[in-house]
Amino acid sequence: MKTAIRVNQDIQAEKKKRAAAFREKLSRQGTLILNLVSSPGTGKTSLLEATAKELEGRLRLGVLVGDLATDRDAQRLAPLVPVKQLTTGGACHLEISLVEQGWQELGEPELDILFIENVGNLVCPASHDLGEHLRVSLLSTTEGDDKPGKYPKMFRTSQVLVLTKIDLLAYLPFRVEAAIEDARLIQPNLDIFTTSAITAEGIPEWCEYLEQQRQKLVTSVQIS
Amino acid sequence: MRQVSDIAEQHHATSVQEVKIEIGPLTGVEKILVQEAFDLLASEYVSSDCRLIIVEVPLQGMCDSCKKSIAIQDFRFQCAACGSSNIHITGGDAFRLLDVTIETELPMGVTESL
């Protein structure tokens, strides 16, 4: 006897449920989760170094950092913040299971912000909810201002865009306005920052935003 | 495929004949590649002659300003009617398992003990 069983369910439903539970758990303890995504070499780790220096003594930060191999990023960040390297062994993105495990291995510390530095890749990480409150896309001046339109899913699913290496603008044909316009066609609600981890331009504004977002989370948790 | 084999087991299927899935432009899944992956995994989880039906849906949205339903072309999230960018996606961004067609010895709902 032949029967068609109606399922009509998101194939990632189980993973999305776990991500939502992780977000909920950390919300209750007042920890804002940010998922940092970009191409390799955009400056995710450099932004985190500059952020950690700027926010020292103001917010308690922690980092889970994903790479295919090595603990180089964790070594760079270790003098500044509690950090745990997640090595994917070849996988091109992080998934919620790796994040849950990394969070445990980090000792589940009391934090104001947990940064998840994703594997450098503008494609696959877009399809995986890691339990973040905010997805932050980074785009560097050396990559070109035409990138948002080429990777629509990543920019569409982000709430924040951080332009990096802005100190190199004088040497490159990168047009800040063109990049922003391209990104806003895909996601008009993006909060946008222009930064340089070397000169610290834009870092104070970015860090103030982080403080506000963290406060917003704490307030919303208290209200509910 | 694990979901499919779980469903087959739940319903005491003797075989799985067809799996129907939905993909869209923002699913992050390519039709040819998902077919290849399915062919590789089918023999492990169900059987190698199980068919995969891929339903491709376009990117659809709803304009939050003028409340019109719109087709989103070239990932440009702008309402053709009123020009607003306040659009939420209503279709074409999920990777969904739609139907699983199975073969059973007895009609559905009839258990062995009856």
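Worth saying up front: this structure is predicted, and the values here are computed from it rather than measured. In what follows, every chain begins at residue 1, and chains take the letters A, B, ... in the order their sequences are listed. These numbers come from the heavy atoms of this one structure, side chains and all, not from hydrogens, waters or symmetry mates.
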**Asked** Atom OG1 of B/Thr27 and atom CD of A/Gln12: how far apart are they, to the nearest 0.5 Å?
**Response** 9.5 Å

**Prompt:** Atom CG of A/Asn8 and atom NZ of B/Lys20: how far apart are they, to the nearest 0.5 Å?
**Reply:** 10.5 Å

**Message:** So B/Glu103 and A/Thr3, do their side chains get closer than 4.5 Å, heavy atoms only?
**Reply:** no

**Asked** A/Lys153 and B/Asp93: which non-hydrogen atoms are nearest, and at how many Å?
**Response** NZ-O, 4.3 Å

**Complete:** Rounded to the nearest 0.5 angstrom, the CE-CG distance for A/Met154 and B/Leu26 is 12.0 Å

**Item:** Exercise: identify the closest heavy-atom pair between A/Ser127 and B/Gly28
**Value:** OG-CA, 4.2 Å

**Top of A/Asn189, A/Thr157, A/Asp10 for chain B proximity - count of heavy-atom pairs under 4.5 angstrom** = A/Asp10

**Asked** For the residue pair B/Ser85 and A/Pro188, what are the closest heavy atoms and their distance?
**Response** O-CG, 3.1 Å

**Message:** What part of B/Leu98 gets within 4.5 angstrom of chain A, counting heavy atoms only: side chain, backbone, both, or neither?
**Reply:** both

**Prompt:** Of the backbone (N, CA, C, O) and the side chain (C-beta and beyond), which part of B/Ser15 lies under 4.5 Å from a heavy atom of chain A, both, or neither?
**Reply:** neither

**Request:** Give a yes or no on this: more than 12 heavy atoms of other residues, nucleotides or ligands lie within 6.0 Å of atom CD of A/Gln29.
**Result:** yes

**Message:** Taking A/Arg6 first and then B/Asp99, would you say they form a salt bridge - that is, a charged N and a carboxylate O separated by under 4.0 Å?
**Reply:** yes

**NZ or CZ of A/Arg156 within 45° of B/Phe77 ring axis and under 6.0 Å** = yes

**Asked** What do you reckon, is CG of B/Leu33 surrounded by more than 12 foreign heavy atoms closer than 6.0 Å?
**Response** yes

**Request:** Against chain A, label B/Ile21 side chain, backbone, both or neither, depending on which of its atoms sit under 4.5 Å from a heavy atom there.
**Result:** side chain

**Prompt:** CZ of B/Arg76 to CG of A/Asp182: how many Å apart, nearest 0.5 Å?
**Reply:** 5.0 Å

**Prompt:** Where on B/Gln3 is there a heavy atom nearer than 4.5 Å to chain A: the side chain, the backbone, both, or neither?
**Reply:** side chain

**Prompt:** Hey, is CZ on A/Arg76 packed in by over 12 heavy atoms from elsewhere, all under 6.0 Å?
**Reply:** yes

**Prompt:** Do other residues, nucleotides or ligands put more than 12 heavy atoms under 6.0 Å from the CD atom of B/Glu9?
**Reply:** no

**Separation between CD1 of A/Ile5 and CD of B/Glu18, rounded to the nearest 0.5 Å** = 12.5 Å

